[in-house]
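Structure record follows, encoded as structure tokens.
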Amino acid sequence: MNIGINGAVVEAGKAVISVYDHGFLYGMGLFETFRTYGGKPYLLDRHLDRLVRGCEELGIRYTPDRARLEQWLRRVMASNGLEEAYVRLTITAGEEGLGLPAGDYERPNELLLVKPLPPVDPLQDLRGKELRLLRTRRNTPEGSVRHKSLHYMNSLLAKRELMRSGAAANTEGLMLTADGLLAEGIVSNLFFASGRKICTPSTDTGILPGITRGRVLELAEEAGYDVEEGHYRYDELLDADEIWITNSVQELVPVTRLTSCDASPHIVGNGTAGPIATALLKLYRQDASGER
């Protein structure tokens with residue numbers, strides 16, 4: 001694969017970053033993952049806005065140029081023979097030597113990685129996937145809000161627990177807060193619905209303010225659903241008519257099976273995607289493809 005590094009396109013094996021980069025030494029860096037539709041990145045402005053806010057809090061001097069970034073992305077995709085792509089934009093703090101910095105990071109590194117999108121599986125849109133409750137708790141954000149930072153240990157520990165549980169390969173793990181409130185998936189935000197009321201954990205639980213999460217909330221309100229962000233318990237999830245998870249690559253994925261920590265199964269609704277998740281997924285894809 002070819003990757004992008006600081007505006008260039010190079011073979012992945014030839015890309016070099018210093019061992020003194022504070023992204024490596026201290027996890028100081030942020031990333032955004034998104035996908036293309038018709039070769040164009042969807043909701044890019046929102047991803048870049050979140051990235052910039054995070055960089056400001058971490059003292060990383062980074063100002064993206066959207067036009068340059070889109071042109072660079074097209075070059076990286078073309079060099080890999082991709083018409084559509086799963087994209088990861090990473091900003092590392094840059095080389096600062098050993099020890100904590102005395103000021104802002106003035107020389108960040110910019111990386112652009114792509115890979116093919118997962119194949120479209122219409123059956124998953126109908127059958128959904130399993131969501132398994134984990135014992136690993138979602139940690140609290142280290143700053144004012146959770147960032148998509150290079151410090152990813154909490155999610156990796158959750159993923160290791162999920163793999164040890166014997167769950168199917170496409171199962172998502174669900175984390176609670178230290179107080180036992182519903183938080184989010186390892187790589188997804190959580191939604192559930194009863195009747196026409198849609199609920200999702202509020203960001204003050206320490207979850208990532210997901211870009212897809214935000215757009216789905218907007219689409220749901222526009223479609224006339226009652227939307228609530230709040231504090232919820234696992235029992236409320238068990239009582240829901242529908243559950244789904246969101247992220248920028250997988251879009252909206254229905255959850256049709258809940259599994260507790262002791263492996264007790266629970267079928268959600270009638271075991272297939274519910275009408276609200278189905279309707280919102282259609283609206284989301286129409287919006288992403290410019291059909292609305």
Side-chain angles (χ1 to χ4, degrees), residues 1-35 41 44 47-65 68-69 72-73 75-77 79-80 85-115 136-163 173 175 184-188 206-211 247-249:
M1 295 290 289
N2 294 321
I3 72 163
I5 178 168
N6 296 327
V9 181
V10 302
E11 292 180 22
K14 296 180 179 179
V16 176
I17 287 184
S18 169
V19 295
Y20 288 105
D21 189 307
H22 278 204
F24 171 69
L25 288 178
Y26 302 112
M28 289 297 286
L30 301 167
F31 69 98
E32 291 288 329
T33 52
F34 47 91
R35 60 172 291 174
L44 181 59
H47 284 283
L48 294 180
D49 286 346
R50 182 172 67 178
L51 184 61
V52 167
R53 290 195 301 270
C55 284
E56 288 175 350
E57 184 166 342
L58 297 180
I60 298 174
R61 296 289 186 88
Y62 174 70
T63 303
D65 180 328
R68 181 194 66 84
L69 180 61
W72 185 28
L73 175 58
R75 290 166 51 211
V76 176
M77 289 172 59
S79 73
N80 289 290
Y86 170 124
V87 185
R88 171 169 164 151
L89 172 64
T90 303
I91 306 301
T92 75
E95 184 177 354
E96 285 292 335
L98 199 58
L100 300 184
D104 286 350
Y105 293 101
E106 303 284 352
R107 301 179 303 277
N109 285 304
E110 188 180 28
L111 306 174
L112 197 54
L113 282 68
V114 300
K115 68 178 182 180
T136 301
R137 296 301 175 104
R138 177 50 99 196
N139 61 348
T140 56
E142 294 165 314
S144 62
V145 68
R146 183 173 300 279
H147 299 302
K148 286 181 74 70
S149 79
L150 303 187
H151 188 280
Y152 220 59
M153 187 181 296
N154 184 228
S155 292
L156 288 170
L157 290 174
K159 180 66 173 180
R160 290 183 64 81
E161 179 188 346
L162 182 63
M163 291 189 297
M175 288 182 280
E184 59 189 340
I186 299 172
V187 294
S188 63
I207 65 171
L208 181 76
I211 302 300
N247 71 30
S248 293
V249 174

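Worth saying up front: this structure is predicted, and the values here are computed from it rather than measured.
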Query raised in the report: For Ser155 and Arg138, which heavy atoms make the closest approach, and how far apart are they?
Result: OG-NH1, 3.2 Å
Report task. Could you label the plane-to-plane angle of the Tyr105 and His22 rings as parallel, tilted or perpendicular, counting under 30° as parallel and over 60° as perpendicular? Result -> perpendicular
Query raised in the report: Are the side chain of Arg88 and the backbone N or O of Leu111 linked by a donor-acceptor pair below 3.5 Å?
Result: no
Query raised in the report: What closest approach, in Å, do Ile60 and Gly29 show between heavy atoms, and which atom pair accounts for it?
Result: CD1-CA, 4.2 Å
Query raised in the report: Considering all heavy atoms of both residues, which atom of Pro108 and which atom of Ile91 are nearest to each other, and what is their separation?
Result: CB-CG2, 3.9 Å
**Report entry** Student check: side-chain heavy atoms of His47 and Ser248 closer than 4.5 Å
**Finding:** yes
Query - Approximate separation, where rounding is to 0.5 Å, of Arg61 CZ and Glu56 CD - result: 10.0 Å
Query raised in the report: Just by modelled atom types, is the Asn2 backbone N or O under 3.5 Å from a matching donor or acceptor in the Asn80 side chain?
Result: yes
Report summary line: For Glu32 and Arg50 the tightest heavy-atom approach is OE1-NH2, 2.6 Å
Report task. Report yes if some heavy atom in the side chain of Val187 is under 4.5 Å from a heavy atom in the side chain of Thr33; otherwise report no. Result -> no
Report task. Go through the steps for Asn109 and Asn6 under the test side chain to side chain contact (heavy atoms under 4.5 Å, CB included), then give the verdict. Result -> CA-CA 6 Å; Asn109 285 304; Asn6 296 327; 3.0 Å; yes
Query raised in the report: Among Leu89, Leu112, Leu44, whose side chain to side chain contact (heavy atoms under 4.5 Å, CB included) with Leu73 holds?
Result: Leu112
Requested in this report: Measure the CD-CG distance between Glu110 and Asp65 for me, rounded to the nearest 0.5 Å.
Outcome: 9.5 Å
Requested in this report: Give a yes or no on whether the backbone of Arg137 and the side-chain of Asn154 come within a donor-acceptor separation of less than 3.5 Å.
Outcome: yes
Query raised in the report: Considering only heavy atoms from C-beta outward, does the side chain of Tyr86 approach that of Leu113 to under 4.5 Å?
Result: no
Query raised in the report: How far does CD1 of Ile207 sit from CE of Met175, to the nearest 0.5 angstrom?
Result: 11.0 Å
Report summary line: Sorted by chain and number, sequence neighbours left out, side chain to side chain contact (heavy atoms under 4.5 Å, CB included) with His147 holds for Leu30, Glu57, Val145
Report task. Of all the heavy-atom pairs spanning Phe31 and Leu51, show the shortest one and how long it is. Result -> N-CD1, 4.4 Å
Report task. Would you please test Ile186 and Thr136 for side chain to side chain contact (heavy atoms under 4.5 Å, CB included) and show each step? Result -> CA-CA 10 Å; Ile186 299 172; Thr136 301; over 6 Å; no
Query raised in the report: Which heavy atom in Pro64 sits nearest to a heavy atom in Tyr62, and how many Å separate them?
Result: CB-OH, 3.5 Å
Report task. Go through the side-chain N and O atoms of Asn139 and Arg146 and say whether any donor and acceptor fall under 3.5 Å apart. Result -> yes
Query raised in the report: If you measure from CD1 on Ile3 to NZ on Lys115, what distance do you get to the nearest 0.5 Å?
Result: 14.5 Å
